[in-house]
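Down below is the structure, laid out as structure tokens.
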Amino acid sequence: GGDGAPPSEPEAKAKRILRQLMDTTIRVAVSDGRLITGQLWCMDSSRNVVLLNVGETRIREDGSTQQRPLGPLVMVPGKHITRLEGIRSEVEVAQHKAEALEAHMDFAPPAHQAAA
């Protein structure tokens with residue numbers, strides 16, 4: 001991971017899936033219990049996430065929810081993120097794309113051997 005060592009296979013797979021989720025709507029759970037929803041724009045090596053068109057949901061003790069807009073562009077600090085969630089259909093598509101890319105990387109001939 002972040003210590004200069006090559007990423008583990010689960011971490012590398014997660015990164016490939018995350019790349020495929022760019023520009024899709026995700027929900028970020030933060031340590032104070034809020035859910036931040038927006039379109040995934042980028043994530044850095046510190047796991048800070050930048051979202052577009054962002055809203056916040058608070059779940060009250062009685063189970064009711066309170067929602068409010070946060071703005072067009074919001075950065076969520078990685079140290080406060082407890083979970084990232086994607087829409088199931090988007091995650092499944094991202095997994096398939098990541099697997100296809102992985103298979104292509106494993107079996108693609110070197111560029112200099114590609115047929116003309």
Side-chain angles (χ1 to χ4, degrees):
D3 57 4
S8 66
E9 182 49 36
E11 184 178 354
K13 184 175 182 179
K15 284 182 179 183
R16 286 191 295 271
I17 292 170
L18 196 58
R19 279 189 202 103
Q20 297 304 318
L21 285 173
M22 292 296 171
D23 299 323
T24 68
T25 299
I26 67 164
R27 184 165 54 192
V28 180
V30 292
S31 53
D32 65 4
R34 291 178 296 153
L35 300 172
I36 312 295
T37 303
Q39 189 177 351
L40 180 59
W41 193 50
C42 68
M43 176 182 263
D44 67 15
S45 60
S46 298
R47 294 189 171 99
N48 299 313
V49 174
V50 177
L51 302 172
L52 303 174
N53 305 316
V54 186
E56 171 191 270
T57 303
R58 290 180 184 265
I59 302 173
R60 296 189 183 113
E61 289 183 24
D62 66 3
S64 65
T65 60
Q66 175 186 8
Q67 297 183 333
R68 71 180 181 116
L70 290 182
L73 187 67
V74 172
M75 191 274 288
V76 183
K79 66 182 180 181
H80 296 302
I81 296 172
T82 59
R83 187 176 67 242
L84 292 175
E85 299 175 343
I87 296 169
R88 182 183 308 273
S89 60
E90 296 281 5
V91 172
E92 289 170 353
V93 167
Q95 286 174 325
H96 290 304
K97 285 182 178 179
E99 288 167 5
L101 286 172
E102 182 179 357
H104 181 71
M105 288 187 302
D106 290 345
F107 300 113
H112 66 277
Q113 292 181 1

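- Closest of all the heavy-atom pairs between Leu84 and Val49 is CD2-CG2, 4.4 Å.
- Judged by distance alone, with hydrogens and angles left aside, the side-chain atoms of Thr37 form no donor-acceptor pair with the main-chain N or O of Gly55 at under 3.5 Å.
- Leu70 and Trp41 end up in different hydrophobic clusters when Ile, Leu, Val, Met, Phe, Trp and Tyr side chains are linked at under 4.5 Å.
- Residue Leu18 is grouped with residue Leu51 when hydrophobic side chains (ILVMFWY) are merged at heavy-atom distances under 4.5 angstrom, including chains of intermediate members.
- Under a hydrophobic-cluster definition in which Ile, Leu, Val, Met, Phe, Trp and Tyr are linked whenever side-chain heavy atoms come within less than 4.5 Å, directly or via other members, Leu35 and Leu52 are assigned to different clusters.
- Annotation for Asn48 and Met75: closest pair CB-SD, 3.7 Å, computed over non-hydrogen atoms.
- Between the CG atom in Asn53 and the CG atom in Leu73 there is a gap of 9.0 Å [rounded to 0.5 Å].
- Side-chain contact between Thr82 and Val30 is absent, with no heavy-atom pair separated by less than 4.5 Å.
- Within the 4.5 Å cutoff, no side-chain heavy atoms of Arg27 are placed close to those of Thr57.
- Glu9 pairs by the side-chain contact (heavy atoms from CB on, under 4.5 Å) definition with Ala12, Lys13, Arg16, Glu102, not counting sequence neighbours.
- Applying the side-chain contact (heavy atoms from CB on, under 4.5 Å) criterion to Val93, with sequence neighbours excluded, gives Lys97.
- If you take CD1 on Ile17 and NE2 on His96, they are separated by 10.5 Å, rounding to the nearest 0.5 Å.
- The same ILVMFWY cluster, assembled from side-chain heavy atoms under 4.5 Å apart, contains both Met22 and Val28.
- Smallest separation of non-hydrogen atoms from Leu21 and Thr24: O-OG1, 2.6 Å.
- A pairwise comparison of heavy atoms in Arg47 and Ile81 identifies O-CD1, 3.5 Å as the closest pair.
- Contacts classified as salt bridge (charged side-chain N to carboxylate O under 4.0 Å, His left out) and involving residues 49-58 (residues at least two apart or in different chains) are given here: Arg34-Glu56, Glu56-Arg58, Glu56-Arg68.
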